[in-house]
Amino acid sequence: MMEPPQAASPDQTSEVNAPAAVSVRSVETLTKRQDFQRVARARRAAKPGFIVQMRRRAPEEAGGIRVGFTCSKKVGNAVARNRAKRRLREIARLTLPERGLDGADYVLIGRRETTATLPFDQLLRDFNAALDVLHGEAR
RNA sequence: GCGGAAGGCCGGAUGGCCGCGGUCCUGGCAACGGGAUCGAGGAAAGUCCGGACUCCCAGAAGCAACGGUGCCGGGUAACGCCCGGGCGGGGCAACCCGACGGAAAGCGCCACAGAAAAGAAACCGCCUUGUCACCCGGUCGGGCAACCGAAACCAGUGGCGGGUAAGGGUGAAACGGUGGGGUAAGAGCCCACCGCGCGACUGGCAACAGAAGCGGCACGGCAAGCCCCACCGGGAGCAAUGCCAAAUAGGGAUCGCGCGCCGACCGGCAACGGAAGGCGGGGCCGCUUUUGCCCCAGCAGAUCCGGGUUGGCAGCUGUAGCCAUACGGGCAAUCGUAUGGUCAGAGGAAUGGUCAUCGAACCGGGGUAACCCGGGGAACAGAAUCCGGCUUACAGGCCUUCCGCGCAU
RNA sequence: GGCGAGUUGGCGGAGUGGUUACGCAGCGGAUUGCAAAUCCGUGUACGCGAGUUCGAUUCUCGCACUCGCCU
């Protein structure tokens with residue numbers, strides 16, 4: 001309930017600071033178990049090739065876009081897991097610097113079979129669609 | 001040509017664009033850039049062995065315990081690995097496979113079935129050299145005969161005693177096999193051949209092989225049951241370990257632990273006090289010996305609990321190296337020498353994405369065939385301290401050598 | 001990454017070189033007016049593959065899976 005009213009002003013301030021922020025625009029990687037668990041409690045959007053979770057950090061936390069990747073043993077052996085994570089990293093690299101929200105954590109979860117085999121175009125389209133949904137809910 | 005055996009190698013290729021990790025150089029006050037170069041495997045896997053390395057347990061020797069290995073010789077830093085040899089087994093062969101010391105040191109086990117499961121014994125059976133009884137026969141005695149009687153002999157039946165292990169359903173396994181002689185019946189009791197055991201001597205470093213001769217046969221299986229013999233082995237693991245910073249605490253509990261004896265000398269009138277040192281005692285590896293250290297009254301130490309941290313640096317990749325080439329020793333594993341090269345080092349973890357061309361398997365169609373057209377799109381699998389092995393997974397392809405069969409010459 | 005332990009019916013859980021206990025659950029029956037409880041009966045198992053042995057759930061080796069510990 002506190003989000004909507006205050007969400008407008010931080011957005012504006014971030015656009016005021018835009019020159020600096022946009023030039024940074026780098027995406028940090030999540031590593032801590034704690035971060036993953038916080039994001040896991042937030043919104044999610046499931047697609048055939050992956051699941052996306054997103055969480056907006058509290059204002060007192062640091063800014064910037066952060067993203068994490070995870071593939072459990074269900075995805076397959078080490079080769080399959082690494083391949084799935086690489087493709088997830090690639091779609092995040094191509095998409096998030098432009099579309100990611102400042103101050104948000106994203107987590108992409110690989111899925112068995114599909115993450116490694118679906119056409120790359122479809123993964124990109126699905127990721128954009130998932131971001132539409134998540135951002136829409138967030139505002 | 002078909003079918004096999006052994007060894008080795010490869011295991012998608014090239015290019016464009018956009019990215020990732022390390023190192024080096026470089027621009028910039030900084031933020032942030034630019035360039036060069038390197039960047040997964042034969043198994044990187046399982047973690048099954050062996051080491052390097054680090055820390056812990058006082059050092060050494062012996063013994064015990066525990067664990068491992070197990071034909072012999074060699075290779076190696078080492079190995080449970082590799083090479084060569086021996087023996088046994090499989091295959092026509094090339095060749096392959098084998099936890100392959102000891103069961104006449106000991107203990108234990110061998111269910112069910114079976115007479116019996118390990119000192120051999122004797123349930124059925126077979127036999128009757130002993131003895132007793134019976135007797136329809138022969139025989140003997142009597143009688144003309146029917147028949148009566150007898151038990152010395154022959155044959156038979158039964159009991160007792162004895163002999164025997166040829167045969168016996170069983171079982172995974174049954175105490176040499178076959179033939180002949182022999183005997184009351186039988187038996188290595190005797191003989192021939194085969195098997196088995198011991199074995200002078202010969203060859204070999206050895207495992208082992210050959211073998212004169214001897215033994216009448218004694219010795220079942222299981223040691224991946226205990227065990228014996230020989231050899232080897234401390235424990236833990238890079239999340240080991242060391243350093244720095246920050247933060248919190250600056251505490252609690254327990255243990256060593258037995259309040260030894262003598263004592264030159266010093267102080268004191270004395271009681272007594274102090275005291276170097278000596279003896280003794282206690283503690284520190286499971287035990288013993290030996291060496292060493294510590295303690296015997298003061299403070300420090302050790303262990304555990306409680307509390308705090310989840311940051312950084314080192315270890316971290318360059319060597320028992322590895323790779324390539326050449327030469328030499330060796331049957332070989334492998335060793336030596338020379339020259340050249342050096343080959344991922346991350347730290348939640350880098351090799352990717354995409355496009356184009358080419359492309360193996362496989363599928364469909366055509367063709368006698370070589371092959372052509374279309375589709376299709378690459379096995380198992382990803383370094384985490386590092387090496388040497390083993391084991392397991394793996395689409396498909398290539399090379400070398402060899403064996404058998406068929407055809408031709 | 002390293003180290004260790006374990007796989008026995010649907011579940012829990014003993015055990016041993018010779019046809020695998022026991023409890024709960026399930027099914028059938030008895031009892032009851034109906035149930036519960038109780039009693040009787042009953043089915044179902046040694047993770048997979050090799051080896052040793054006459055014979056393996058047990059002993060040995062390999063593989064698979066599950067669980068735990070260490071920063």
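Residue numbers begin at 1 in each chain, while the letters A, B, ... track the order of the sequences.
Going from the P atom of G388(B) to that of A320(B) covers 11 Å, rounded to whole Å. Annotation: U23(B) and A393(B) have their C1' atoms spaced 36 Å apart (nearest Å). Atom P of A30(B) sits at a distance of 25 Å from the matching atom of G19(B), rounded to the whole Å.
When each of Lys85(A) and Asn82(A) is assigned the nucleotide of RNA chain B bearing its nearest heavy atom, the one mapping closer to the 5' terminus is Lys85(A).
Nearest nucleotide to the Arg87(A) side chain, out of G382(B), C18(B), U354(B): U354(B). In this structure, the nucleotide among C18(B), A350(B), A383(B) sitting nearest to the side chain of Arg89(A) is A350(B).
C39(C) is paired with G29(C) under the Watson-Crick or G-U wobble criterion, all donor-acceptor distances under 3.5 Å. Base-pair partner of U178(B): A192(B) (Watson-Crick or G-U wobble, both distances under 3.5 Å). With a cut-off of 3.5 Å on both pairing distances, the Watson-Crick or G-U wobble partner of C48(C) is G62(C).
One interatomic measurement links the two molecules: CZ of Arg93(A) to P of C17(B), which rounds to 15 Å at whole-angstrom precision. The nearest whole Å value for the distance from the CG atom in Leu88(A) to the P atom in A349(B) is 13 Å. The interatomic distance linking Asp121(A) (CG) with U354(B) (P) rounds to 9 Å, in whole Å. Look at CD on Gln122(A): it is 16 Å from P on G353(B), rounded to the nearest Å. At whole-Å resolution of the value, CD1 in Ile91(A) and C1' in G352(B) are 13 Å apart. Atoms CD (Glu90(A)) and P (G19(B)) sit 10 Å apart, rounded to a whole Å. Between the CZ atom of Arg66(A) and the C1' atom of G348(B) there is a distance of 14 Å, given to the nearest Å. Here the P atom of nucleotide C20(B) and the CG atom of Leu94(A) are 11 Å apart, to the nearest Å.
Between the side chain of Tyr106(A) and the backbone N or O of Leu101(A) there is at least one donor-acceptor pair closer than 3.5 Å. Counting only distance, with no hydrogens or angles, the side chain of Arg83(A) and the backbone of Thr115(A) share no donor-acceptor pair below 3.5 Å. In this structure, Arg86(A) contributes its side chain and Arg81(A) its backbone to no donor-acceptor pair below 3.5 Å.
Distance CZ/Arg89(A) to CG/Leu96(A): 13.5 Å, rounded to 0.5 Å.
At G353(B), one or more side-chain N or O atoms of Arg83(A) fall inside 4.0 Å of OP1 or OP2 (strictly under the cut-off).
The two residues Met54(A) and Ala42(A) come nearest to each other via the heavy atoms O-CB, 3.1 Å.
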